[in-house]
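Working notes, beginning with the structure itself.
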Protein chains: 2
Amino acid sequence: MADDRLSRVFAALADPTRRDIVARLSITDATVGELAEPYDVSVQAVSKHLRVLTDAGLVSRSRDAQRRPCRLEPEVFDLMTKWIERYRVQAEERFRRLDAVLAEMDDEQRATDDRRGAAS
Amino acid sequence: MADDRLSRVFAALADPTRRDIVARLSITDATVGELAEPYDVSVQAVSKHLRVLTDAGLVSRSRDAQRRPCRLEPEVFDLMTKWIERYRVQAEERFRRLDAVLAEMDDEQRATDDRRGAAS
DNA sequence: CCCGTGTTCAACCAATCGGTTGACAACAGG
DNA sequence: CCTGTTGTCAACCGATTGGTTGAACACGGG
């Protein structure tokens, strides 16, 4: 997988378990054990998911004795939102312009027809 | 990979080439050959990328003789934006509330905190 | 009707992913 | 100093990914 920031963020959220982890962390911080509990996978698997999320900058870890609490870092969301909005807006803008162009072509077609009709 | 819609969309955009294709399609529709031209990969590889994008609902194909023009479908972006915004807002909301809670806890004892027994 | 253009299908390959198990590190408390 | 708890590291496994090449399919224009 590409190692640029945006790719890592999108890839991280492409997994339902990781999206669920993000959803739960948006409610409250949690340890790896707490996060793993509801899922039917090993703690190690969840630890791996957390690694992907932290590498993407979506989650930060701190230290409390043996525990490594996880906290959601919502700033990274902006990166995605900016990318998405940019191209969504651009595409919609283009569709709006397309209507105008089509309307214009209609007019010219009509004008040409008129001229032709007048000429002959 | 999980086959739910959101997973497919995020996974599709996790690849820089595919994001670039989306960016270019936001400017104008294009055929597979046109899209493949600037990249240093085979047309077949680009065709595969297009398949991923259409499966995710980000791109639609039409037919024009041998050509299969690609068009960006920006509606799917809403799905992502909704998901992202939901948890970003929720997390930020929580951080705002956290300040209040911390101030409140200054007055009280924090000794009997939220260890599992008392939770929920 | 064939030929060239544009695109996809099929098989294959190396790399990565999500999961496993087993060992080990870090720390709190008896 | 051991013991239990919490989490990560390492090695491995099967499935998937992004890429390749070669063949086939779908057309329109001589």
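Order of the sequence lines fixes the chain letters, A, B, ..., with proteins taken first and strands second; residue numbering starts at 1 for each chain.
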Ion pair present between A:R88 and A:E92, side-chain N to carboxylate O less than 4.0 angstrom? yes
Specify the separation, in whole Å, of atom CZ of A:R61 and atom C1' of C:dC27. 16 Å
Whole angstroms only, please: what is the CG-P distance between B:D64 and C:dT5? 17 Å
Using 30° and 60° as the class boundaries, would you call the ring planes of A:F10 and B:F10 parallel, tilted or perpendicular? tilted
Counting only distance, no hydrogens or angles, is the base of C:dG6 paired donor-acceptor with the side chain of B:Q44 under 3.5 Å? no
Taking CZ from B:R51 and P from D:dG19, how many angstroms apart are they, rounded to a whole number? 16 Å
In whole Å, I'd like the distance from the CZ atom of A:R67 to the P atom of D:dG4. 17 Å
Can you tell me the distance, in whole Å, between the NZ atom of B:K48 and the P atom of D:dT17? 10 Å
Whole-Å distance separating the CD atom of B:Q66 from the C1' atom of D:dC27: 4 Å
Whole-Å distance separating the CG atom of A:D3 from the P atom of C:dT16: 11 Å
Electrostatic pair B:D29-B:R71, nearest N-O below 4.0 angstrom: yes
For the pair made of CE in A:M1 and C1' in C:dG18, what is the distance, rounded to whole Å? 13 Å
Under 4.0 Å between a side-chain N or O of A:R68 and OP1 or OP2 of C:dC27? no
Side chain A:R94, main chain B:L25, donor-acceptor under 3.5 Å: yes
Does a nitrogen or oxygen in the side chain of A:T31 sit under 4.0 Å from OP1 or OP2 of D:dG7? yes
Salt bridge or not for B:R19 and B:D15, using N-O below 4.0 Å? no
Please confirm whether the shortest side-chain N or O distance from A:S47 to OP1 or OP2 of D:dG7 is below 4.0 Å. no
Reading DNA chain C from 5' onward, which residue's closest nucleotide shows up sooner: A:R18 or A:A65? A:R18
C:dG19 phosphate, OP1 or OP2: any side-chain N/O from A:H49 under 4.0 angstrom? yes
Mind checking if B:R63 touches a base, just sugar-phosphate, or nothing, with heavy atoms under 4.0 Å? sugar-phosphate
